[in-house]
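As the structure is a computational prediction, the values presented were derived from the model and not from experiment. In listed order, ligands and their atoms are each counted from 1.
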Amino acid sequence: MANIQVHLHAKDISSLSGQTLVVFTKPGSAKDSAAKITHAETSKALSTALEDKILTGASSEVLSFREARFLGFRNVISVGLGAEAKLNHEVVRQAAASLCKEAKAMKTTEIFVHLDGITGNKSHLAEYTQAFVEGLQLCSYNFDELKTNDKKKVDGLQVHLITKLAKDKNIQAAFNEGTILATCTNFAKRLGDMPGNLMTPTILANEAIAAAKGTSLKVSAWDLKRIEKEKMGGLLGVARGSAEEPRFIVMEYKGAAASKKPIAFVGKGLTFDTGGISIKPSGKMEEMKYDMCGGAAVIGTMLAISQLKLKINVVAFVPATENMPGSRATKPGDVHTARNGKTFEVNNTDAEGRLILADALAYASEQKPQLIIDTATLTGAMVVALGNVHTGYFTRNASFKNKIEKAAQQSGELVWNMPLTDQHVKDMKGTFADLSNTSSAAGAGSSTAAAFLEQFVDADIPWAHFDIAGTGWACGNRLNYCSPKGATGVMVRTFVEIAKQYA
Ligand code: BES
Ligand code: MG
Ligand code: ZN
(Lines give C-alpha, C1' and ligand atoms only; values in the text may rest on other atoms or scores of the structure.)
(Ligands and ions follow the chains in the order given, each with its own letter.)
Protein backbone atom coordinates (compact mmCIF):
# COMPACT_ATOMS: atom_id res chain seq x y z
CA MET A 1 0.00 0.00 0.00
CA ALA A 2 2.45 2.67 1.16
CA ASN A 3 5.85 1.69 -0.17
CA ILE A 4 7.90 4.03 1.98
CA GLN A 5 9.85 4.01 5.23
CA VAL A 6 10.75 7.19 7.05
CA HIS A 7 13.52 7.38 9.66
CA LEU A 8 14.77 10.15 11.92
CA HIS A 9 18.52 10.59 12.51
CA ALA A 10 20.67 12.92 14.60
CA LYS A 11 23.62 13.36 12.28
CA ASP A 12 25.43 16.03 10.33
CA ILE A 13 24.27 15.64 6.76
CA SER A 14 27.66 16.76 5.39
CA SER A 15 29.22 13.65 6.93
CA LEU A 16 26.78 11.23 5.27
CA SER A 17 26.77 9.52 1.91
CA GLY A 18 24.07 7.84 -0.14
CA GLN A 19 21.97 8.17 -3.28
CA THR A 20 20.12 11.46 -3.02
CA LEU A 21 20.48 14.58 -0.91
CA VAL A 22 17.41 16.78 -0.37
CA VAL A 23 17.80 20.47 0.44
CA PHE A 24 15.25 23.26 0.84
CA THR A 25 15.10 26.55 -0.98
CA LYS A 26 13.37 29.84 -0.23
CA PRO A 27 13.11 32.95 -2.41
CA GLY A 28 16.21 35.14 -2.03
CA SER A 29 16.52 38.90 -1.96
CA ALA A 30 16.90 40.71 -5.28
CA LYS A 31 20.45 41.80 -4.53
CA ASP A 32 22.07 38.47 -3.63
CA SER A 33 20.36 35.80 -5.70
CA ALA A 34 16.97 34.63 -6.92
CA ALA A 35 16.83 31.87 -4.34
CA LYS A 36 18.41 30.92 -1.04
CA ILE A 37 19.49 27.33 -0.47
CA THR A 38 19.02 26.56 3.19
CA HIS A 39 21.95 24.13 3.26
CA ALA A 40 24.63 26.72 2.48
CA GLU A 41 27.27 24.28 1.24
CA THR A 42 24.96 22.99 -1.48
CA SER A 43 24.79 26.45 -3.05
CA LYS A 44 28.14 25.69 -4.68
CA ALA A 45 26.85 22.52 -6.30
CA LEU A 46 23.75 24.26 -7.65
CA SER A 47 25.41 27.56 -8.56
CA THR A 48 24.56 27.32 -12.28
CA ALA A 49 20.90 26.78 -11.52
CA LEU A 50 21.02 29.78 -9.19
CA GLU A 51 22.76 31.98 -11.76
CA ASP A 52 20.28 30.94 -14.46
CA LYS A 53 17.43 31.66 -12.04
CA ILE A 54 16.01 28.16 -12.60
CA LEU A 55 15.84 27.89 -8.84
CA THR A 56 13.37 30.37 -7.39
CA GLY A 57 12.49 28.83 -4.03
CA ALA A 58 8.78 28.98 -4.84
CA SER A 59 6.54 26.80 -2.72
CA SER A 60 6.54 23.16 -3.94
CA GLU A 61 9.09 23.92 -6.70
CA VAL A 62 11.03 20.67 -7.05
CA LEU A 63 14.18 20.34 -9.15
CA SER A 64 16.36 17.27 -9.42
CA PHE A 65 20.03 17.40 -10.26
CA ARG A 66 21.03 13.92 -11.32
CA GLU A 67 24.62 12.82 -11.06
CA ALA A 68 25.44 16.11 -9.34
CA ARG A 69 27.98 14.11 -7.30
CA PHE A 70 28.08 16.49 -4.38
CA LEU A 71 29.35 15.67 -0.88
CA GLY A 72 28.78 11.93 -0.54
CA PHE A 73 25.66 11.93 -2.74
CA ARG A 74 24.99 11.12 -6.40
CA ASN A 75 21.91 13.30 -6.85
CA VAL A 76 20.52 16.44 -5.29
CA ILE A 77 16.83 17.37 -5.10
CA SER A 78 15.88 20.92 -4.13
CA VAL A 79 12.45 21.54 -2.65
CA GLY A 80 10.98 25.06 -2.58
CA LEU A 81 9.24 26.29 0.58
CA GLY A 82 8.15 29.74 -0.64
CA ALA A 83 8.45 33.00 1.27
CA GLU A 84 9.40 32.77 4.95
CA ALA A 85 6.39 34.88 5.98
CA LYS A 86 3.98 32.41 4.39
CA LEU A 87 5.64 29.26 5.72
CA ASN A 88 3.23 27.05 7.67
CA HIS A 89 2.61 23.36 8.25
CA GLU A 90 0.42 22.99 5.17
CA VAL A 91 3.18 24.42 2.94
CA VAL A 92 5.55 21.86 4.46
CA ARG A 93 3.02 19.01 4.03
CA GLN A 94 2.62 19.85 0.34
CA ALA A 95 6.38 20.28 -0.14
CA ALA A 96 6.93 16.78 1.27
CA ALA A 97 4.34 15.38 -1.13
CA SER A 98 6.03 17.11 -4.09
CA LEU A 99 9.33 15.59 -3.01
CA CYS A 100 7.77 12.13 -2.70
CA LYS A 101 6.45 12.33 -6.26
CA GLU A 102 9.82 13.47 -7.62
CA ALA A 103 11.71 10.73 -5.76
CA LYS A 104 9.36 8.14 -7.25
CA ALA A 105 9.72 9.62 -10.76
CA MET A 106 13.52 9.60 -10.39
CA LYS A 107 13.34 6.02 -9.14
CA THR A 108 15.76 6.86 -6.34
CA THR A 109 15.33 4.48 -3.43
CA GLU A 110 17.17 6.43 -0.75
CA ILE A 111 16.91 10.10 0.14
CA PHE A 112 18.54 12.12 2.93
CA VAL A 113 16.60 15.22 3.89
CA HIS A 114 18.30 18.26 5.46
CA LEU A 115 15.35 18.79 7.82
CA ASP A 116 17.02 21.62 9.76
CA GLY A 117 16.82 23.67 6.57
CA ILE A 118 13.06 24.14 6.99
CA THR A 119 13.44 26.40 10.03
CA GLY A 120 15.88 27.29 12.78
CA ASN A 121 13.04 27.68 15.28
CA LYS A 122 12.90 24.66 17.59
CA SER A 123 9.16 24.65 18.33
CA HIS A 124 8.30 25.20 14.67
CA LEU A 125 10.62 22.38 13.69
CA ALA A 126 8.51 19.92 15.70
CA GLU A 127 5.33 21.06 13.97
CA TYR A 128 7.00 20.94 10.55
CA THR A 129 8.55 17.54 11.18
CA GLN A 130 5.07 16.17 11.82
CA ALA A 131 3.71 17.83 8.68
CA PHE A 132 6.64 16.61 6.59
CA VAL A 133 6.11 13.01 7.68
CA GLU A 134 2.37 13.34 6.99
CA GLY A 135 2.99 14.72 3.49
CA LEU A 136 5.40 11.88 2.67
CA GLN A 137 3.24 9.09 4.07
CA LEU A 138 -0.04 10.41 2.66
CA CYS A 139 1.47 10.89 -0.79
CA SER A 140 3.03 7.45 -0.84
CA TYR A 141 -0.40 5.79 -0.55
CA ASN A 142 -1.19 3.82 -3.67
CA PHE A 143 -4.29 1.65 -4.14
CA ASP A 144 -2.98 -1.03 -6.49
CA GLU A 145 -3.88 -4.23 -4.70
CA LEU A 146 -6.54 -5.18 -7.26
CA LYS A 147 -4.18 -4.88 -10.25
CA THR A 148 -2.37 -8.01 -11.32
CA ASN A 149 -0.20 -6.84 -14.24
CA ASP A 150 1.84 -3.90 -12.98
CA LYS A 151 2.86 -5.40 -9.68
CA LYS A 152 6.55 -5.39 -10.55
CA LYS A 153 8.41 -5.42 -7.28
CA VAL A 154 9.64 -1.85 -6.82
CA ASP A 155 12.00 -1.25 -3.96
CA GLY A 156 10.46 0.85 -1.24
CA LEU A 157 11.65 4.41 -0.79
CA GLN A 158 13.84 4.91 2.29
CA VAL A 159 13.59 8.44 3.62
CA HIS A 160 16.14 9.64 6.19
CA LEU A 161 15.22 12.86 7.95
CA ILE A 162 18.41 14.39 9.26
CA THR A 163 18.29 16.92 12.08
CA LYS A 164 20.60 17.75 14.93
CA LEU A 165 17.46 17.77 17.13
CA ALA A 166 16.53 14.16 16.36
CA LYS A 167 17.03 13.20 20.03
CA ASP A 168 14.70 15.98 21.23
CA LYS A 169 11.54 14.53 22.84
CA ASN A 170 9.23 16.99 21.09
CA ILE A 171 10.70 16.26 17.68
CA GLN A 172 10.38 12.52 18.28
CA ALA A 173 6.79 12.88 19.48
CA ALA A 174 5.94 14.97 16.41
CA PHE A 175 7.54 12.40 14.12
CA ASN A 176 5.57 9.64 15.82
CA GLU A 177 2.28 11.55 15.66
CA GLY A 178 2.70 12.41 11.99
CA THR A 179 3.36 8.77 11.20
CA ILE A 180 0.30 7.57 13.12
CA LEU A 181 -2.05 10.20 11.67
CA ALA A 182 -0.97 9.52 8.09
CA THR A 183 -1.05 5.75 8.49
CA CYS A 184 -4.55 5.83 9.96
CA THR A 185 -5.69 8.25 7.24
CA ASN A 186 -4.28 5.87 4.61
CA PHE A 187 -6.14 3.03 6.33
CA ALA A 188 -9.39 4.99 5.91
CA LYS A 189 -8.54 5.72 2.26
CA ARG A 190 -8.16 2.02 1.49
CA LEU A 191 -11.58 1.20 2.95
CA GLY A 192 -13.05 3.91 0.71
CA ASP A 193 -11.17 2.86 -2.43
CA MET A 194 -12.31 -0.77 -2.20
CA PRO A 195 -15.23 -1.39 -4.58
CA GLY A 196 -18.68 -2.17 -3.19
CA ASN A 197 -18.47 -5.91 -3.86
CA LEU A 198 -15.27 -6.14 -1.83
CA MET A 199 -16.31 -3.73 0.93
CA THR A 200 -19.74 -4.95 2.02
CA PRO A 201 -21.10 -4.10 5.50
CA THR A 202 -19.81 -7.46 6.77
CA ILE A 203 -16.35 -6.90 5.29
CA LEU A 204 -16.20 -3.34 6.65
CA ALA A 205 -17.01 -4.65 10.13
CA ASN A 206 -14.42 -7.42 9.82
CA GLU A 207 -11.77 -4.91 8.69
CA ALA A 208 -12.44 -2.79 11.78
CA ILE A 209 -12.27 -5.86 14.03
CA ALA A 210 -9.04 -7.07 12.38
CA ALA A 211 -7.37 -3.64 12.60
CA ALA A 212 -8.11 -3.46 16.32
CA LYS A 213 -6.36 -6.78 17.07
CA GLY A 214 -3.42 -6.22 19.36
CA THR A 215 -4.56 -2.69 20.26
CA SER A 216 -6.49 -1.55 23.31
CA LEU A 217 -9.59 -0.95 21.15
CA LYS A 218 -12.64 -3.12 21.70
CA VAL A 219 -14.61 -3.65 18.49
CA SER A 220 -17.75 -5.64 17.85
CA ALA A 221 -20.36 -5.73 15.11
CA TRP A 222 -24.07 -6.35 15.57
CA ASP A 223 -25.73 -8.60 12.99
CA LEU A 224 -29.24 -8.27 11.53
CA LYS A 225 -30.94 -10.08 14.45
CA ARG A 226 -29.30 -7.82 17.01
CA ILE A 227 -30.08 -4.69 14.98
CA GLU A 228 -33.74 -5.80 14.88
CA LYS A 229 -33.69 -6.40 18.61
CA GLU A 230 -32.26 -2.90 19.13
CA LYS A 231 -35.16 -1.43 17.11
CA MET A 232 -33.01 0.45 14.61
CA GLY A 233 -35.80 1.13 12.14
CA GLY A 234 -33.74 3.55 10.04
CA LEU A 235 -30.87 1.17 9.40
CA LEU A 236 -33.29 -1.74 8.86
CA GLY A 237 -35.43 0.30 6.48
CA VAL A 238 -32.46 1.09 4.26
CA ALA A 239 -31.05 -2.45 4.44
CA ARG A 240 -34.37 -4.06 3.35
CA GLY A 241 -33.58 -3.68 -0.34
CA SER A 242 -30.25 -5.49 -0.17
CA ALA A 243 -29.25 -9.15 -0.03
CA GLU A 244 -26.26 -8.12 2.11
CA GLU A 245 -26.88 -8.06 5.84
CA PRO A 246 -26.35 -4.71 7.60
CA ARG A 247 -23.91 -4.33 10.46
CA PHE A 248 -23.75 -1.90 13.37
CA ILE A 249 -20.09 -1.48 14.29
CA VAL A 250 -19.32 -0.55 17.91
CA MET A 251 -15.84 0.60 18.93
CA GLU A 252 -14.64 1.47 22.39
CA TYR A 253 -11.43 3.01 23.71
CA LYS A 254 -10.63 3.49 27.39
CA GLY A 255 -7.72 5.83 28.06
CA ALA A 256 -9.06 7.53 31.23
CA ALA A 257 -10.85 6.67 34.46
CA ALA A 258 -14.14 4.82 33.95
CA SER A 259 -15.98 7.74 35.59
CA LYS A 260 -14.95 10.11 32.80
CA LYS A 261 -17.67 10.57 30.17
CA PRO A 262 -16.61 9.40 26.72
CA ILE A 263 -16.68 11.42 23.54
CA ALA A 264 -18.67 9.75 20.76
CA PHE A 265 -18.08 9.47 17.01
CA VAL A 266 -20.66 8.34 14.46
CA GLY A 267 -19.87 7.68 10.77
CA LYS A 268 -22.04 6.82 7.78
CA GLY A 269 -21.02 3.38 6.55
CA LEU A 270 -23.14 3.12 3.40
CA THR A 271 -21.03 0.64 1.43
CA PHE A 272 -22.87 1.30 -1.84
CA ASP A 273 -25.60 3.82 -2.57
CA THR A 274 -27.68 3.07 -5.69
CA GLY A 275 -30.37 5.43 -4.37
CA GLY A 276 -32.73 2.48 -3.80
CA ILE A 277 -36.16 2.68 -5.48
CA SER A 278 -35.53 6.41 -6.06
CA ILE A 279 -32.61 5.12 -8.11
CA LYS A 280 -29.72 7.36 -9.11
CA PRO A 281 -28.80 8.03 -12.76
CA SER A 282 -26.13 5.59 -14.00
CA GLY A 283 -23.50 8.23 -14.81
CA LYS A 284 -20.80 8.21 -12.12
CA MET A 285 -22.85 5.88 -9.93
CA GLU A 286 -19.63 3.92 -9.37
CA GLU A 287 -18.50 6.81 -7.13
CA MET A 288 -21.10 5.73 -4.58
CA LYS A 289 -18.67 3.10 -3.28
CA TYR A 290 -17.28 6.10 -1.36
CA ASP A 291 -20.50 6.49 0.60
CA MET A 292 -18.89 4.78 3.60
CA CYS A 293 -16.06 7.32 3.91
CA GLY A 294 -17.63 8.84 7.03
CA GLY A 295 -17.51 5.41 8.68
CA ALA A 296 -13.96 4.89 7.43
CA ALA A 297 -12.91 8.24 8.93
CA VAL A 298 -14.36 7.25 12.29
CA ILE A 299 -12.60 3.86 12.23
CA GLY A 300 -9.31 5.57 11.25
CA THR A 301 -9.78 8.12 14.05
CA MET A 302 -10.29 5.39 16.65
CA LEU A 303 -7.16 3.54 15.49
CA ALA A 304 -5.14 6.77 15.73
CA ILE A 305 -6.50 7.67 19.18
CA SER A 306 -5.58 4.24 20.52
CA GLN A 307 -2.08 4.34 18.98
CA LEU A 308 -1.50 7.81 20.41
CA LYS A 309 -2.73 6.50 23.78
CA LEU A 310 -4.79 9.66 24.42
CA LYS A 311 -6.00 9.98 28.01
CA ILE A 312 -9.71 10.01 27.20
CA ASN A 313 -12.58 7.61 26.80
CA VAL A 314 -14.09 7.32 23.33
CA VAL A 315 -16.94 5.36 21.78
CA ALA A 316 -17.71 5.10 18.07
CA PHE A 317 -20.62 3.77 16.06
CA VAL A 318 -20.74 2.98 12.34
CA PRO A 319 -24.09 1.89 10.89
CA ALA A 320 -23.22 -0.06 7.73
CA THR A 321 -25.50 -1.18 4.91
CA GLU A 322 -26.02 -1.07 1.15
CA ASN A 323 -28.84 1.02 -0.34
CA MET A 324 -30.32 -1.26 -3.04
CA PRO A 325 -33.66 -1.41 -4.89
CA GLY A 326 -34.43 -5.09 -4.06
CA SER A 327 -37.99 -6.42 -4.11
CA ARG A 328 -38.43 -5.85 -0.40
CA ALA A 329 -36.88 -2.37 -0.52
CA THR A 330 -38.42 0.61 1.23
CA LYS A 331 -40.77 2.41 -1.17
CA PRO A 332 -41.33 6.16 -1.40
CA GLY A 333 -43.98 7.03 1.16
CA ASP A 334 -43.15 4.14 3.51
CA VAL A 335 -43.02 5.05 7.18
CA HIS A 336 -40.47 3.58 9.61
CA THR A 337 -39.77 4.14 13.30
CA ALA A 338 -36.29 5.09 14.46
CA ARG A 339 -34.66 3.82 17.65
CA ASN A 340 -35.77 6.87 19.66
CA GLY A 341 -39.43 6.22 18.74
CA LYS A 342 -39.77 9.03 16.19
CA THR A 343 -41.50 8.09 12.94
CA PHE A 344 -40.39 9.28 9.52
CA GLU A 345 -41.76 8.99 6.02
CA VAL A 346 -39.29 8.11 3.29
CA ASN A 347 -40.20 10.41 0.44
CA ASN A 348 -36.94 9.76 -1.38
CA THR A 349 -35.12 6.48 -0.74
CA ASP A 350 -31.89 8.16 -1.89
CA ALA A 351 -31.89 10.32 1.26
CA GLU A 352 -30.79 7.21 3.20
CA GLY A 353 -27.70 8.41 5.05
CA ARG A 354 -29.77 10.45 7.50
CA LEU A 355 -31.93 7.38 8.23
CA ILE A 356 -29.07 5.11 9.27
CA LEU A 357 -27.40 7.95 11.17
CA ALA A 358 -30.66 8.64 13.03
CA ASP A 359 -30.48 5.31 14.87
CA ALA A 360 -26.73 5.65 15.47
CA LEU A 361 -27.11 9.17 16.89
CA ALA A 362 -29.98 8.07 19.13
CA TYR A 363 -27.90 5.14 20.38
CA ALA A 364 -24.86 7.39 20.89
CA SER A 365 -27.03 9.80 22.93
CA GLU A 366 -28.10 6.94 25.20
CA GLN A 367 -24.44 6.44 26.18
CA LYS A 368 -24.52 9.97 27.71
CA PRO A 369 -21.25 11.12 26.11
CA GLN A 370 -19.64 14.55 26.64
CA LEU A 371 -20.25 15.35 23.00
CA ILE A 372 -21.16 13.69 19.71
CA ILE A 373 -19.43 14.17 16.36
CA ASP A 374 -20.80 12.58 13.22
CA THR A 375 -19.47 12.56 9.69
CA ALA A 376 -21.04 11.45 6.43
CA THR A 377 -21.01 11.81 2.66
CA LEU A 378 -24.51 13.09 3.23
CA THR A 379 -25.66 15.48 0.50
CA GLY A 380 -24.94 16.45 -3.10
CA ALA A 381 -25.91 19.96 -1.98
CA MET A 382 -22.70 20.09 0.08
CA VAL A 383 -20.66 19.51 -3.10
CA VAL A 384 -22.55 22.34 -4.80
CA ALA A 385 -21.98 24.72 -1.87
CA LEU A 386 -18.30 24.13 -1.04
CA GLY A 387 -16.87 21.85 -3.75
CA ASN A 388 -13.94 19.76 -2.59
CA VAL A 389 -12.23 22.65 -0.78
CA HIS A 390 -13.90 22.81 2.65
CA THR A 391 -15.78 20.25 4.72
CA GLY A 392 -19.01 21.90 5.85
CA TYR A 393 -19.84 21.41 9.50
CA PHE A 394 -22.96 22.17 11.50
CA THR A 395 -23.28 22.84 15.21
CA ARG A 396 -25.38 25.13 17.38
CA ASN A 397 -22.87 25.04 20.23
CA ALA A 398 -20.61 28.12 20.19
CA SER A 399 -17.85 26.78 22.43
CA PHE A 400 -17.77 23.50 20.51
CA LYS A 401 -17.47 25.53 17.30
CA ASN A 402 -14.35 27.25 18.68
CA LYS A 403 -12.81 23.88 19.50
CA ILE A 404 -13.52 22.62 15.98
CA GLU A 405 -11.96 25.71 14.37
CA LYS A 406 -8.86 25.37 16.55
CA ALA A 407 -8.55 21.66 15.74
CA ALA A 408 -8.82 22.27 12.00
CA GLN A 409 -6.13 24.94 12.18
CA GLN A 410 -3.87 22.40 13.85
CA SER A 411 -4.61 19.64 11.35
CA GLY A 412 -4.53 21.74 8.19
CA GLU A 413 -7.87 20.33 6.98
CA LEU A 414 -10.20 23.11 5.85
CA VAL A 415 -13.66 23.33 7.44
CA TRP A 416 -16.50 25.81 7.08
CA ASN A 417 -19.32 26.47 9.51
CA MET A 418 -22.73 26.08 7.85
CA PRO A 419 -26.11 27.35 9.08
CA LEU A 420 -28.52 25.17 11.04
CA THR A 421 -31.66 26.90 12.35
CA ASP A 422 -35.22 26.20 13.50
CA GLN A 423 -36.32 27.11 9.96
CA HIS A 424 -34.46 24.08 8.62
CA VAL A 425 -36.05 21.92 11.30
CA LYS A 426 -39.51 23.11 10.25
CA ASP A 427 -38.76 22.11 6.65
CA MET A 428 -38.30 18.48 7.73
CA LYS A 429 -41.75 18.03 9.35
CA GLY A 430 -43.63 15.02 7.96
CA THR A 431 -47.15 14.99 6.48
CA PHE A 432 -48.10 11.49 7.66
CA ALA A 433 -45.32 10.86 10.19
CA ASP A 434 -43.29 12.96 12.65
CA LEU A 435 -40.63 13.70 10.09
CA SER A 436 -40.00 13.52 6.37
CA ASN A 437 -36.59 12.49 5.07
CA THR A 438 -36.81 15.20 2.39
CA SER A 439 -37.29 18.92 2.82
CA SER A 440 -40.59 20.64 2.04
CA ALA A 441 -38.64 23.72 0.90
CA ALA A 442 -36.26 24.10 -2.02
CA GLY A 443 -32.53 24.61 -1.44
CA ALA A 444 -30.25 24.42 1.63
CA GLY A 445 -30.21 20.64 1.25
CA SER A 446 -27.20 20.20 3.53
CA SER A 447 -28.74 22.28 6.31
CA THR A 448 -32.10 20.51 6.17
CA ALA A 449 -30.28 17.14 6.26
CA ALA A 450 -28.42 18.35 9.37
CA ALA A 451 -31.75 19.48 10.87
CA PHE A 452 -33.12 15.95 10.37
CA LEU A 453 -30.10 14.47 12.16
CA GLU A 454 -30.54 16.90 15.05
CA GLN A 455 -33.90 15.27 15.89
CA PHE A 456 -32.02 12.18 17.07
CA VAL A 457 -29.44 13.84 19.30
CA ASP A 458 -30.17 14.44 22.97
CA ALA A 459 -30.62 18.24 23.29
CA ASP A 460 -28.22 18.43 26.27
CA ILE A 461 -25.28 16.92 24.38
CA PRO A 462 -23.04 19.21 22.30
CA TRP A 463 -23.13 17.85 18.75
CA ALA A 464 -21.49 18.62 15.43
CA HIS A 465 -22.12 17.12 12.01
CA PHE A 466 -19.47 17.12 9.24
CA ASP A 467 -20.67 16.65 5.64
CA ILE A 468 -17.73 15.25 3.64
CA ALA A 469 -19.63 14.62 0.38
CA GLY A 470 -17.27 17.04 -1.40
CA THR A 471 -14.01 16.39 0.45
CA GLY A 472 -14.17 12.62 0.91
CA TRP A 473 -12.54 11.76 -2.40
CA ALA A 474 -10.98 13.15 -5.59
CA CYS A 475 -9.12 16.13 -4.06
CA GLY A 476 -5.88 15.58 -6.00
CA ASN A 477 -6.47 18.78 -7.99
CA ARG A 478 -5.72 20.90 -4.92
CA LEU A 479 -4.03 18.63 -2.38
CA ASN A 480 -0.97 16.95 -3.87
CA TYR A 481 -0.84 14.41 -1.04
CA CYS A 482 -4.21 13.01 -2.17
CA SER A 483 -4.64 10.66 -5.12
CA PRO A 484 -6.53 12.41 -7.97
CA LYS A 485 -9.40 9.91 -8.03
CA GLY A 486 -9.25 8.07 -4.73
CA ALA A 487 -10.57 8.50 -1.20
CA THR A 488 -8.92 11.18 0.96
CA GLY A 489 -9.40 9.88 4.50
CA VAL A 490 -10.49 13.42 5.38
CA MET A 491 -11.39 14.27 9.02
CA VAL A 492 -9.15 11.68 10.73
CA ARG A 493 -6.52 14.35 11.45
CA THR A 494 -9.04 16.96 12.64
CA PHE A 495 -11.02 14.49 14.76
CA VAL A 496 -7.85 13.43 16.56
CA GLU A 497 -7.09 17.11 17.22
CA ILE A 498 -10.58 17.59 18.66
CA ALA A 499 -10.14 14.50 20.84
CA LYS A 500 -6.81 15.83 22.15
CA GLN A 501 -8.63 18.90 23.49
CA TYR A 502 -10.64 16.63 25.81
CA ALA A 503 -7.62 14.67 27.06
N1 BES B 1 -24.63 9.65 -0.76
C2 BES B 1 -25.48 10.68 -1.24
C3 BES B 1 -24.86 12.06 -1.16
C4 BES B 1 -23.74 12.35 -2.13
C5 BES B 1 -23.99 12.85 -3.37
C6 BES B 1 -22.44 12.17 -1.74
C7 BES B 1 -22.96 13.15 -4.23
C8 BES B 1 -21.40 12.45 -2.60
C9 BES B 1 -21.67 12.96 -3.84
C10 BES B 1 -26.77 10.72 -0.41
O11 BES B 1 -27.19 9.50 0.07
C12 BES B 1 -27.85 11.23 -1.31
O13 BES B 1 -28.13 10.57 -2.26
N14 BES B 1 -28.42 12.39 -0.98
C15 BES B 1 -29.43 12.99 -1.76
C16 BES B 1 -30.49 13.53 -0.84
C17 BES B 1 -31.71 14.07 -1.54
C18 BES B 1 -32.47 12.95 -2.23
C19 BES B 1 -32.59 14.76 -0.54
C20 BES B 1 -28.81 14.11 -2.57
O21 BES B 1 -27.99 14.85 -2.04
O22 BES B 1 -29.13 14.22 -3.75
MG1 MG C 1 -28.41 8.45 -1.30
ZN1 ZN D 1 -25.72 8.07 0.41
Could you tell me, atom by atom, which parts of ligand 1 come under 4.0 Å of a heavy atom of [X]?
X: Ala469; value: 6 (C), 8 (C)
X: Thr377; value: 1 (N), 2 (C), 3 (C), 6 (C)
X: Trp473; value: 8 (C), 9 (C)
X: Lys268; value: 1 (N), 10 (C), 11 (O)
X: Asn348; value: 18 (C)

> Between the candidates Met288, Met292, Met382, which shows the shortest non-hydrogen contact distance to atom 9 (C) of ligand 1?
Replying inline: Met288
If you consider just the N/O/S atoms, which atom of [X] is the closest one to the Zn ion (ligand 3)?
X: Asp273; answer: OD2
X: Asp291; answer: OD2
X: Glu352; answer: OE2

>> Strictly under 2.8 Å, is the Zn ion (ligand 3) approached by any N, O or S atom of Asp350?
In response: no
> Is the distance from the Zn ion (ligand 3) to the nearest N/O/S atom of Lys268 under 2.8 Å?
Replying inline: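 So Lys268 does bind the Zn ion (ligand 3) by this criterion.
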> In degrees, rounded to 10 degrees, what angle do Asp350 atom OD1 and Asp273 atom OD2 make at the Mg ion (ligand 2)?
Replying inline: 100°
Taking the inter-plane angle between the rings of [X] and [Y] on a 0 to 90° scale, is it parallel (under 30°), tilted (30 to 60°) or perpendicular (over 60°)?
X: Phe248; Y: Phe317; result: parallel
X: Trp463; Y: His465; result: parallel
X: Trp473; Y: Tyr290; result: parallel

> Within less than 2.8 Å of the Mg ion (ligand 2), any N, O or S from Glu352?
Replying inline: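 Checking the Mg ion (ligand 2) against Glu352, an N, O or S atom does fall under 2.8 Å.
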Under 3.5 Å between some N or O of ligand 1 and some N or O of [X]?
X: Thr438; answer: no
X: Arg354; answer: no
X: Asp273; answer: yes
X: Gly380; answer: yes
X: Glu352; answer: yes

>> Can you tell me which residue among Thr471, Asn477, Thr488 is in a side chain to side chain donor-acceptor pair (under 3.5 Å) with Asn388?
In response: Asn477
Of all the non-hydrogen atoms in the protein, which one sits nearest to [atom], and at what distance?
atom: atom 17 (C) of ligand 1; answer: Ala351 CB, 4.2 Å
atom: atom 10 (C) of ligand 1; answer: Leu378 O, 3.3 Å
atom: atom 15 (C) of ligand 1; answer: Asp350 O, 4.0 Å

Looking at [Y], is its backbone amide N or carbonyl O close enough to the side chain of [X] to form a donor-acceptor pair, meaning the two atoms are under 3.5 Å apart?
X: Ser242; Y: Ala239; result: no
X: Thr375; Y: Gly267; result: no
X: Asp359; Y: Ala338; result: no
X: Thr200; Y: Asn197; result: no

>> One pair to check against salt bridge (Lys or Arg N to Asp or Glu O under 4.0 Å): Lys268 and Glu352. What are the steps and the verdict?
In response: CA-CA 10 Å; Lys268 173 178 173 182; Glu352 85 297 339; 3.0 Å; yes
>> Does Arg247 form a salt bridge (Lys or Arg N to Asp or Glu O under 4.0 Å) with Asp223? I'd like the steps, not just the answer.
In response: CA-CA 5 Å; Arg247 287 289 181 269; Asp223 62 5; 5.8 Å; no
>> Can you tell me which residue among Thr330, Leu224, Thr321 is in a side chain to side chain contact (heavy atoms under 4.5 Å, CB included) with Leu236?
In response: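 When Thr330, Leu224, Thr321 are each tested with Leu236, the side chain to side chain contact (heavy atoms under 4.5 Å, CB included) holds only for Leu224.
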> Backbone, side chain, both or neither: what part of Glu287 comes under 4.0 angstrom of ligand 1, heavy atoms only?
Replying inline: neither
> With distance as the sole criterion, is a donor-acceptor pair present between the side chains of Asn323 and Thr349 under 3.5 Å?
Replying inline: no
> So do Phe265 and Val314 actually touch side chain to side chain, heavy atoms under 4.5 Å?
Replying inline: yes
